[in-house]
Participant: 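Before I ask anything, here is the structure I am working with.
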Amino acid sequence: MFQFLSKTLLHSRNGSTVAPHNPSMVISFSLRYFSSDSDNPKTCGLSPKSALSASKTLQLESSQQPDSVVSSLEKFGFSKIQISDMIRKFPKMLCCHPEKTISPKLELFRSRGASTPDLVTIFTTYPWMFNISLENRLVGNFNFFIDLLQSEYKAIELIKRNARVLNTNLEVALIPNINTLRENGVPASRILWLIHISWVSIATNPVNFGKILEEVKEMGFNPLKSQFVLAIKMLSGLSKSKRDEKVAIFKRWGWSDEDIITAFKRFPSILSISEDKLMAAMDFYVNKLGLHYSVILSCPALLGYSLKNRLIPRGAVIEFLLSKGLVKLDSSIISLFTYSERRFLEKYVKCHEEAPRLIQLYNHKLNLSDTRKCGEDKE
């Protein structure tokens, strides 16, 4: 199967790899094996360039080992395309011993309840897993997360989102921060939730983590509430320059520093909204509808809604209702945006005599497809 590798790779006496004598053999074989359509090189798993690049990183004496690596992966349910993707990312996996390195690691996941799709997700995303010590790192880390999350399923879901958790020095990058959260009164359930939603927020430098935690405390977040760890997540993923840019946007619309902190406490995810979307949403509420910024401040989650799928279609209905004196432009108007679509249509569209016209207006702005109808039961 990988016979081309033994024929095209030469090794110098000191063991370093040199370029193959006949690169076309590498390319030709790769196209035949990895392509679902060997007559069309553009559809192959490994491009000619990738095949040649991969060949230069390997040191193999025969085709037996790479053949057996591929065979082992296929037995666990990996397709040729998926194997190709893994080799492209980590060519040296072909040098791994199938019985000592490949199969035991896949069996570890299987023994913890991982399905074939789980294995494919994890190893195609992070094939470097094959290069991590089973005894010294994988087993210990895997068991740690199973014990911490009290669930093999949750541990596997965490690993699927970020397989690097199994290659982390827990004593250095995670456990100190868990202890810091506990010392500050954060319940175990909130800590587990933070690990679940944002591994990178907690597996970080303990000094930096401590500074962010103190900042969150100074803002007045309650350690017992989910908003506390959500605020940590938001601040951990935002550079100071990005934070300053977003603060400048709010100030442009008349918000004070205190207003911004209040909005962040009510809706920490506000800092994850792009600058363009913040500007467009504020322009819609303030300039288009004529709302005072204090109304948005009372419910900053308003800034997170989609302009195309929610704000503009509902805004058209609101403008019509305002013109007829059927609604008032006050703080209660925010319910028109926060309600589910079904509730919105029942309370503000279908109940009026002008319902047919309102539905037509709403559908026009929403640009509905044939597969989605107005009034469909959805959130």
Side-chain angles (χ1 to χ4, degrees), residues 1-36 44-111 114 116 118-142 159 162-169:
M1 188 179 294
F2 277 88
Q3 193 174 15
F4 75 97
L5 288 169
S6 61
K7 293 181 178 179
T8 56
L9 288 178
L10 293 178
H11 302 282
S12 65
R13 291 183 179 179
N14 63 9
S16 61
T17 303
V18 297
H21 281 306
N22 187 1
S24 64
M25 292 178 63
V26 179
I27 296 170
S28 175
F29 185 91
S30 297
L31 294 181
R32 288 201 309 274
Y33 178 72
F34 287 106
S35 178
S36 59
C44 66
L46 285 177
S47 66
K49 181 179 179 181
S50 296
L52 180 58
S53 176
S55 72
K56 291 180 179 181
T57 69
L58 304 176
Q59 298 182 20
L60 299 168
E61 299 299 331
S62 72
S63 66
Q64 182 178 357
Q65 182 167 303
D67 285 352
S68 57
V69 167
V70 172
S71 178
S72 295
L73 291 169
E74 289 179 332
K75 288 178 181 178
F76 278 88
F78 290 84
S79 69
K80 288 182 179 181
I81 292 177
Q82 291 160 351
I83 296 171
S84 169
D85 186 37
M86 295 161 69
I87 294 172
R88 185 188 304 111
K89 294 176 180 176
F90 184 50
K92 289 185 178 180
M93 65 178 281
L94 292 175
C95 299
C96 295
H97 194 292
E99 298 303 321
K100 295 181 180 179
T101 303
I102 301 292
S103 294
K105 290 172 182 175
L106 293 170
E107 287 292 355
L108 171 65
F109 283 84
R110 279 274 178 87
S111 69
T116 296
D118 292 336
L119 293 179
V120 169
T121 297
I122 293 167
F123 284 88
T124 55
T125 303
Y126 195 68
W128 298 270
M129 190 81 72
F130 290 122
N131 203 38
I132 303 173
S133 171
L134 182 68
E135 295 79 11
N136 298 332
R137 184 58 58 87
L138 287 185
V139 173
N141 280 24
F142 211 145
I159 295 165
N162 191 346
R164 289 177 176 82
V165 300
L166 293 185
N167 195 28
T168 299
N169 188 328

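Only heavy atoms go into these numbers, but all of them, side chains included; no hydrogens, no water, no symmetry mates. This structure is a prediction, so every number in the text was calculated from the model and none was measured.
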Participant: Can you tell me which residue pairs pass the side chain to side chain donor-acceptor pair (under 3.5 Å) test with a partner in residues 119-134, sequence neighbours excluded?
Facilitator: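 Those involving residues 119-134 are Ser133-Asn136.
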Participant: Find the distance between CZ (Phe76) and OG (Ser71) and round it off to the nearest 0.5 Å.
Facilitator: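 Phe76 CZ to Ser71 OG: 11.0 Å, rounded to 0.5 Å.
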Participant: According to side chain to side chain donor-acceptor pair (under 3.5 Å), who are the partners of Asn141, at least two apart in sequence or on a separate chain?
Facilitator: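 Side chain to side chain donor-acceptor pair (under 3.5 Å) check on Asn141 returns nothing, list empty.
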Participant: Heavy atoms only: give me the nearest Met93-Leu73 pair and the separation to one decimal.
Facilitator: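 Where Met93 meets Leu73 most closely, the heavy atoms are CE-CD1, 3.4 Å.
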Participant: Let's go through Arg137 and Thr168 carefully: what are the C-alpha distance in whole Å and the side-chain angles of both, what is the deciding distance for side-chain hydrogen bond (donor to acceptor under 3.5 Å, both in side chains) to 0.1 Å, and is it a yes or a no?
Facilitator: CA-CA 8 Å; Arg137 184 58 58 87; Thr168 299; over 6 Å; no
Participant: What heavy-atom pair brings Leu119 and Ala114 nearest, and what distance separates the two atoms?
Facilitator: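 Scanning both residues completely, I find the closest heavy atoms to be CD2-CB, 4.2 Å.
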Participant: Please give me the minimum heavy-atom distance between Met129 and Ala163, naming the atom from each residue.
Facilitator: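 That closest heavy-atom pairing would be CE-CB, 3.6 Å.
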Participant: Below 3.5 Å, can you tabulate the donor-acceptor pairs from side chains in residues 102-109 to any protein atom, sequence neighbours excluded?
Facilitator:
residue	atom	partner	partner atom	Å
Ser103	OG	Pro98	O	3.3
Lys105	NZ	Phe130	O	2.6
Lys105	NZ	Ile132	O	2.5

Participant: Looking at Lys80, is its backbone amide N or carbonyl O close enough to the side chain of Ser84 to form a donor-acceptor pair, meaning the two atoms are under 3.5 Å apart?
Facilitator: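 Flag not set: sc Ser84 to bb Lys80 has no pair under 3.5 Å.
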Participant: Mind checking what makes side chain to side chain donor-acceptor pair (under 3.5 Å) contact with Arg164, not counting sequence neighbours?
Facilitator: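 Not a single residue meets the side chain to side chain donor-acceptor pair (under 3.5 Å) criterion with Arg164.
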Participant: By salt bridge (Lys or Arg N to Asp or Glu O under 4.0 Å), which residues pair with Lys89, not counting sequence neighbours?
Facilitator: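 Listed in chain order: Asp85.
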